[in-house]
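One structure is given here, and the rest of the page talks about it.
Sequence lines set the chain letters: A, B, ... in the order given, protein chains first and strands last, and positions in each chain run from 1.
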Protein chains: 2
Amino acid sequence: MEKQTITIYDVAREASVSMATVSRVVNGNPNVKPATRKKVLEVIERLDYRPNAVARGLASKRTTTVGVIIPDVANTYFASLARGIDDVATMYKYNIILANSDGDDKKEINVLNTLLAKQVDGIIFMGHHLTDEVRGEFSRSKTPVVLAGSIDPDNQVGSVNIDYLEATKDATDELIKSGNKKIAFVSGALIDPINGVSRLNGYKKSLAESKISFNEGLVFECDYSYKAGLGLFDRIQNSGATAAVVADDELAVGLLNTLTDHGVKVPEEFEIITSNNSLYTDIARPSVTSISQPLYDIGAVAMRLLTKLMNKEEIDEKTIILPYGLIKKDSTK
Amino acid sequence: MEKQTITIYDVAREASVSMATVSRVVNGNPNVKPATRKKVLEVIERLDYRPNAVARGLASKRTTTVGVIIPDVANTYFASLARGIDDVATMYKYNIILANSDGDDKKEINVLNTLLAKQVDGIIFMGHHLTDEVRGEFSRSKTPVVLAGSIDPDNQVGSVNIDYLEATKDATDELIKSGNKKIAFVSGALIDPINGVSRLNGYKKSLAESKISFNEGLVFECDYSYKAGLGLFDRIQNSGATAAVVADDELAVGLLNTLTDHGVKVPEEFEIITSNNSLYTDIARPSVTSISQPLYDIGAVAMRLLTKLMNKEEIDEKTIILPYGLIKKDSTK
DNA sequence: CTGTTAGCGCTTTCAC
DNA sequence: GTGAAAGCGCTAACAG
């Protein structure tokens with residue numbers, strides 16, 4: 001015996017009204033006489049009727065679902081963004097389909113297509129690198145898109161970020177202020193605009209203002225991982241650097257630990273500033289000075305922006321920059 | 001001018017076949033002559049036809065999406081499970097709707113209902129505490145459910161976990177072996193069966209085997225957070241404990257840091273073993289000995305089990321226990 | 001304020 | 001191997 005699903009039609013019959021009326025009360029349409037509304041509500045209650053969102057989606061062309069493309073939920077940076085996204089989504093009665101891409105071009109395209117096939121009302125994209133192919137799909141589809149903690153050099157779609165350039169400049173300034181001349185710039189792939197353009201330029205700008213010449217040998221490109229940080233010891237030592245601006249907390253803490261494990265005193269002999277102010281920076285000993293990013297808010301604001309886009313509201317500015325801070329801890333003098 | 005969506009009907013017309021045939025080729029039904037298949041495929045390509053998954057879901061009563069209820073994605077423990085879930089989901093062509101519950105009863109019920117309304121094919125539930133109301137909804141709906149890293153005392157639904165009791169016993173044994181007599185048991189809410197039943201019993205079992213009497217004053221119930229760990233100093237000191245088995249890594253590292261910050265030597269004067277072997281345990285100094293749980297696998301296996309349930313395959317055992325380990329690091333002698 | 005009537009785009013018998 | 005036709009459960013004009 002199959003599960004007997006009860007439909008809007010059953011409710012209509014039992015309440016002696018039309019499907020349209022039932023639909024109206026379910027959707028909170030005010031054009032229903034209180035008495036009929038009450039009657040319908042009672043039948044709905046009695047029959048334990050639950051509207052089928054799929055049918056609703058097909059008929060109305062709105063699924064109240066948004067797609068979220070994320071490199072990796074297990075990464076705390078992106079997970080924090082995701083939490084902000086989901087909270088605001090829930091607030092506006094949307095659900096999120098979460099899909100991991102590993103930042104892989106093929107997977108991104110794949111997932112984007114299945115998201116579109118599922119008729120999501122909008123998409124939040126997170127990723128270090130926005131490929132032309134992905135950009136192409138974005139403009140080809142009429143589905144609104146917002147980037148969260150990710151940059152589109154052309155600003156074609158909405159996005160929410162902090163000013164990575166200025167933040168990195170501030171961090172570098174701080175290191176210069178305490179007397180460092182040879183400051184390492186440690187980041188993820190430089191092909192990612194957020195690293196290779198924004199952050200690197202912030203670093204260069206700071207150096208330039210202090211008349212320190214840029215040295216290619218102080219630029220370190222690596223994976224965003226604790227292990228990569230641990231593996232940096234020799235290269236950093238050989239470079240003669242006495243401080244480092246790091247683009248990722250795991251990386252920074254890895255560097256910190258390998259330095260202290262090798263007997264290098266932080267911050268006395270080497271200073272470190274990192275970028276996300278995650279729990280890792282508090283747990284490490286010494287704790288790590290860091291730029292603080294409003295990660296949850298970036299996600300939340302991105303989702304809020306997306307709701308406006310999905311609603312076809314007028315947007316004053318679709319490239320949103322949120323404020324950042326610099327939290328001094330024990331890895332700097 | 002509205003976006004002109006092209007449908008299966010357009011393809012059928014252009015290819016001079018029926019909708020049924022197009023549907024067959026789209027769904028890989030073998031009952032299509034190679035020649036017609038080729039012709040249809042060409043038209044699909046030319047028109048850039050994308051099947052509408054919502055319509056498909058309505059007609060077939062399968063949405064190929066599963067709901068995932070998670071306390072908090074920003075928590076690394078659950079995020080790791082979620083990653084395993086999504087990878088296997090993708091492997092089997094499912095998408096996941098991710099919904100945060102904060103472990104709150106009301107939100108869990110809410111989210112469960114909207115997931116059901118969206119006609120998900122299955123549900124993965126994560127949560128410390130499975131309330132009767134949630135259990136009721138589970139059995140009321142015919143949608144298959146699997147718990148990941150979460151316990152149902154009654155084993156009514158499928159679940160994937162490790163043997164928390166034995167794991168905690170092993171950890172406690174280890175501490176007893178190195179001479180500790182007063183061992184603190186630090187966990188989250190004892191009302192959660194995983195803490196109050198499994199873990200606590202593992203702890204008690206270990207004590208009993210070594211003829212150490214159980215002392216209520218050594219049981220510490222707190223939030224799963226770094227801050228809660230930091231706040232534990234006085235209570236732990238006053239208890240006279242010389243070691244602790246901790247149920248959560250953030251908590252453990254907080255305890256570790258407050259101890260060392262107060263000059264207590266770990267492991268010489270105090271030993272700590274924690275439960276999840278997350279990156280936190282490697283970052284901390286000293287690094288923290290920990291039970292290791294196959295978090296990714298728990299998620300992956302849970303999702304795999306769910307695919308079988310959704311397929312109505314015969315299941316030999318729906319309560320799955322995965323192996324754990326004990327990774328010795330520097331917080332124990 | 002309420003009912004009628006078309007679909008939304010696809011799957012799925014059931015014939016042929 | 002292929003087509004015709006009947007829905008899936010709901011929304012959205014359009015009347016009245």
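Under 4.0 angstrom from either OP1 or OP2 of C:dT11 there lies at least one side-chain N or O belonging to B:Arg56. Between A:Asn27 and the phosphate of D:dT11, there is a side-chain N or O to OP1/OP2 separation shorter than 4.0 Å. B:Thr21 has no side-chain polar atom (N or O) that falls below the 4.0 Å cut-off from OP1 or OP2 of D:dT2. Neither OP1 nor OP2 of D:dG9 sits under 4.0 Å from any side-chain N or O of A:Thr7. Side-chain nitrogen and oxygen atoms of A:Tyr49 include at least one within less than 4.0 Å of the OP1 or OP2 phosphate oxygen of D:dC10. The side chain of B:Lys61 contributes an N or O atom lying less than 4.0 Å from OP1 or OP2 of D:dG9.
Separation of the A:Phe125 and A:Phe138 ring centroids falls under the 6.0 Å cut-off.
At a threshold of 4.0 angstrom between heavy atoms, the contacts of A:Val54 with the nucleic acid are absent. No contact: A:Val22 has no heavy atom under 4.0 Å from any strand.
Distance CZ (A:Arg62) to P (D:dC10): 17 Å, rounded to an integer number of Å. Computed from coordinates, the B:Tyr9 OH to D:dA5 P distance equals 12 Å when rounded to whole Å. Regarding A:Leu58, its CG atom lies at a distance of 12 Å from the P atom of C:dT11, rounded to whole Å. At whole-Å resolution of the value, NZ in A:Lys39 and C1' in C:dT2 are 11 Å apart. For the pair A:Ile6 CD1 and D:dC8 P, the computed distance is 15 Å after rounding to whole Å. Counting to the nearest Å, the C1' atom of C:dC1 and the NZ atom of A:Lys38 are 18 Å from each other. Nucleotide C:dT12 holds its P atom 10 Å from the CG atom of B:Asn29, rounded to whole Å. Between the CD1 atom of B:Ile8 and the P atom of C:dC8 there is a distance of 14 Å, rounded to whole Å.
Picking from C:dT2, C:dC8, D:dC8 the nucleotide with the shortest atom distance to the side chain of A:Asn31 gives C:dT2.
Sequence neighbours left out, not one pair with a member in residues 109-120 of chain B passes salt bridge (charged side-chain N to carboxylate O under 4.0 Å, His left out).
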Report each atom pair, protein N/O against N/O of nucleotides 12-14 of chain D, whose distance is under 3.5 angstrom.
none

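Salt bridge annotation for B:Glu42-B:Lys39: absent, with no cationic side-chain nitrogen under 4.0 angstrom from a carboxylate oxygen.
A donor and an acceptor atom, one from each side chain of A:Arg304 and A:Thr307, are located under 3.5 Å apart. Side-chain contact of A:Asn27 with A:Ser23: a donor-acceptor pair under 3.5 Å is present, judged by distance alone. Residues B:Asp154 and B:Gln156 bring no donor and acceptor atom of their side chains to less than 3.5 Å of each other.
Between A:Phe78 and A:His128, the ring planes lie perpendicular to each other; the angle is over 60°, past the 30° to 60° tilted range.
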